[in-house]
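Lettering of chains follows the sequences in order, A, B, ..., and the numbering in each one begins at 1.
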Amino acid sequence: MASSVRVRFAPSPTGFLHIGGLRTALYNYLFARHHGGTFILRIEDTDQARFVEDAEQDIIRSLEWSGIRIDEGPLHGGNYGPYRQSERKTFYQKAVEKLLAEGNAYYAFDTQEEIEVMRERLKASGNPSPAYDSITRQSMKNSLTLPQEEVERRLAEREPYVIRLKVPRRETIQFEDLIRGVVTFETKGLDDQVLLKSDGLPTYHLANVVDDHEMEITHVIRGEEWLSSAPKHILLYQYLGWKPPQMAHLPLIMSPSGGKLSKRKAEIEGIPVNTRDYIDQEYEPEALVNFLAYLGWSPGDDSEIHSLDELCQLFTLDRVSKGGAVFNHKKLLWYNEHYLREKSDDELYTRVLGLAAEKQIPGFDAEVLKNIIPLLKERVSKADDILEMGGFFFSDPEHYDAEALKKWSDETPDLIRAYKAAIEPLHEAEFSADKLKASLEETVAAQNVGMGKLMMPLRVCVSGQGFGPDLFPSLELLGREKVLHRLDLALSRLSGPGAS
RNA sequence: GCCGCGUUCGUCUAGGGGUCUAGGACGCCUCCCUUUCACGGAGGUAGCACGGGUUCGAAUCCCGUACGCGGUACCA
């Protein structure tokens, strides 16, 4: 191969890493690995107003948690640094000088207010989306309209200015997107994009093009929200005399209610939106990765489960779909359950033990936890559910699930009492699942009722819930004393006149 | 509004002119297993946005319409 693949994930450090950002990173990573290429992290910190101090760290941690290994980046070294845009100003300056010298960019001195006035004026005369473009720039204050001396005077007096791209009036820009095919734009629809802001920092468009070129990026794989600005980038490559990289614009991840999965929408719909949330909520990284990979891509066969390594093998851009993909939380949970069950009891025990320490579980006992892991692993969605569902192993139930109590009838208390009488004579050592089950069978036979009449109420008395781990092993684990106590407790709470 | 992109079961998708009476997965429903809760297993439910072409033949190609989404900032 003439030149090896180099791709980058280029987030802005404006907050926690968004789940959509993680998928973009993942696709870049899979593509790089598939081709034996290089995966680069570049921090696009050109917006000082939105800069968040800890964001970079969160991004890196989130990627690491997901299993994505960074080959080059601010903390990972590489021969194309620095990897933060705020540290690359000279590159941008050089590019701007060339654009200026060749008449493809110009100084603009208009204040925000003046631009606003222009927009209002144009709106009033029927232009719904006024832009600073090849037409309107003629009536603004810039190096195209001002006399040379005045431009120099303003610059000498350090008047604030921006550098704008001089977009040609009538040109057709075409490029081939690896996912969408040929995309065509007319330059008349483009505005004279600001390239260098008055604070001296570049905008995304300039920085992106310059860095992708300097870092020898071969493929730009990014979200569809960038498709509309791609022609501006093509123009820049052209003016700078550079060969543009291949482009691939990914379909967006959508909210179940429609529209881009924004922080706000996701919160309303109960979908965690930051990778951080998934880490904190004890999701399995393999599950998130597998799920995200399939959100907008598929290998083309009927397979659903793949490790990160397998995904690297399978991933190709031509199998990425074009339409937006709605985030399906239940499917994620399904993936999570799958990977959870693949974990060994020991590994889970260690994980959940750590969690329990943070959560302050009343009556917590590590030995008990160890015993209940195998009982609960098969019936929870997430690792931390184990503590929730198994909470009754540590302390008496506080209340009884209303749904489960629907099966509670007038004869239930007597059945419970009968069962209690049957197991009370058992010694602690005899308090085994087998014996407890046998006792229950005898009890229902003697009372001439079905087993179900007793099992569910028993479960409720002991755990407060209508669902949960296998009943008899649970009773055994709980032990004689606690079981008898809880039966009494439930009887007094549920069979009295004020029972609920 | 304008520009761009998109549209196969509720959702993620397979499908790239005949093999599609459209396949898989999640969800949901039923049954089996379990006289419990689950896991697991077996079934079922449900879809080519619409209208025109092209063609012997269209989910697949073309055009239009509708709808959705993105962009339209000195934010990325």
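At a threshold of 4.5 Å between non-hydrogen side-chain atoms, the residues A/L155 and A/F109 count as touching.
Here the C1' atom of nucleotide B/G27 and the OH atom of A/Y335 are 14 Å apart, to the nearest Å. Rounded to an integer number of Å, the gap from A/D192 CG to B/U72 C1' is 14 Å. Following rounding to the nearest Å, A/K330 (NZ) and B/C28 (P) show an atom-to-atom distance of 5 Å. For A/L415 and B/U36, the CG to P distance is 16 Å, given to the nearest whole Å. Rounded to an integer number of Å, the gap from CZ of A/R164 to P of B/C74 is 5 Å. Distance NZ (A/K322) to C1' (B/U7): 12 Å, rounded to an integer number of Å.
Neither OP1 nor OP2 of B/U35 sits under 4.0 Å from any side-chain N or O of A/K453. Taking 4.0 angstrom as the limit, A/S228 places none of its side-chain polar atoms (N or O) nearer than this to OP1 or OP2 of B/G70. Taking 4.0 angstrom as the limit, A/K331 places none of its side-chain polar atoms (N or O) nearer than this to OP1 or OP2 of B/G10. Distances shown here put every side-chain N or O of A/R50 at or beyond 4.0 Å from the OP1 or OP2 atom of B/C74. The phosphate of B/A38 (OP1 or OP2) has no side-chain N or O of A/K377 nearer than 4.0 angstrom. Between A/S298 and B/G24, a side-chain N or O to OP1/OP2 separation shorter than 4.0 Å is absent. Residue A/R341 has no polar side-chain atom (N or O) positioned under 4.0 Å from OP1 or OP2 of B/C39. Here A/T14 does not reach the OP1 or OP2 of B/A76: none of its side-chain N or O atoms lies under 4.0 Å away.
When heavy atoms are screened at a 4.0 angstrom cut-off, A/S229 is found touching no nucleic acid atom at all. Across all strands shown, A/G323 has heavy atoms under 4.0 Å from sugar-phosphate atoms exclusively, and none from any base. Contact annotation for A/Y204: base contact, defined as any heavy-atom pair under 4.0 Å involving a base atom. Within 4.0 Å of A/Q112, counting heavy atoms only, lies at least one base atom of the nucleic acid. Within the 4.0 angstrom heavy-atom criterion, only backbone atoms of the sugar-phosphate kind lie near A/R319; the bases stay farther away. At a threshold of 4.0 angstrom between heavy atoms, the contacts of A/R180 are confined to the sugar-phosphate backbone, with no base atom among them. A/D47 comes within 4.0 angstrom of sugar-phosphate atoms only, judged by non-hydrogen atoms across all strands, and of no base. When heavy atoms are screened at a 4.0 angstrom cut-off, A/T184 is found touching the sugar-phosphate backbone but no base atom. Within 4.0 Å of A/V194, counting heavy atoms only, lie sugar-phosphate atoms of the nucleic acid but no base atom. Within 4.0 Å (heavy atoms only), A/D110 reaches at least one base atom of the nucleic acid.
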List the steps, then state whether side-chain contact (heavy atoms from CB on, under 4.5 Å) holds for A/V326 with A/L295.
CA-CA 8 Å; A/V326 175; A/L295 214 51; over 6 Å; no
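Here B/C39 is in the syn range [glycosidic angle within 90° of 0].
Distance check, rounded to the nearest 0.5 Å: CD1 of A/I179 to CG of A/L250 gives 5.0 Å.
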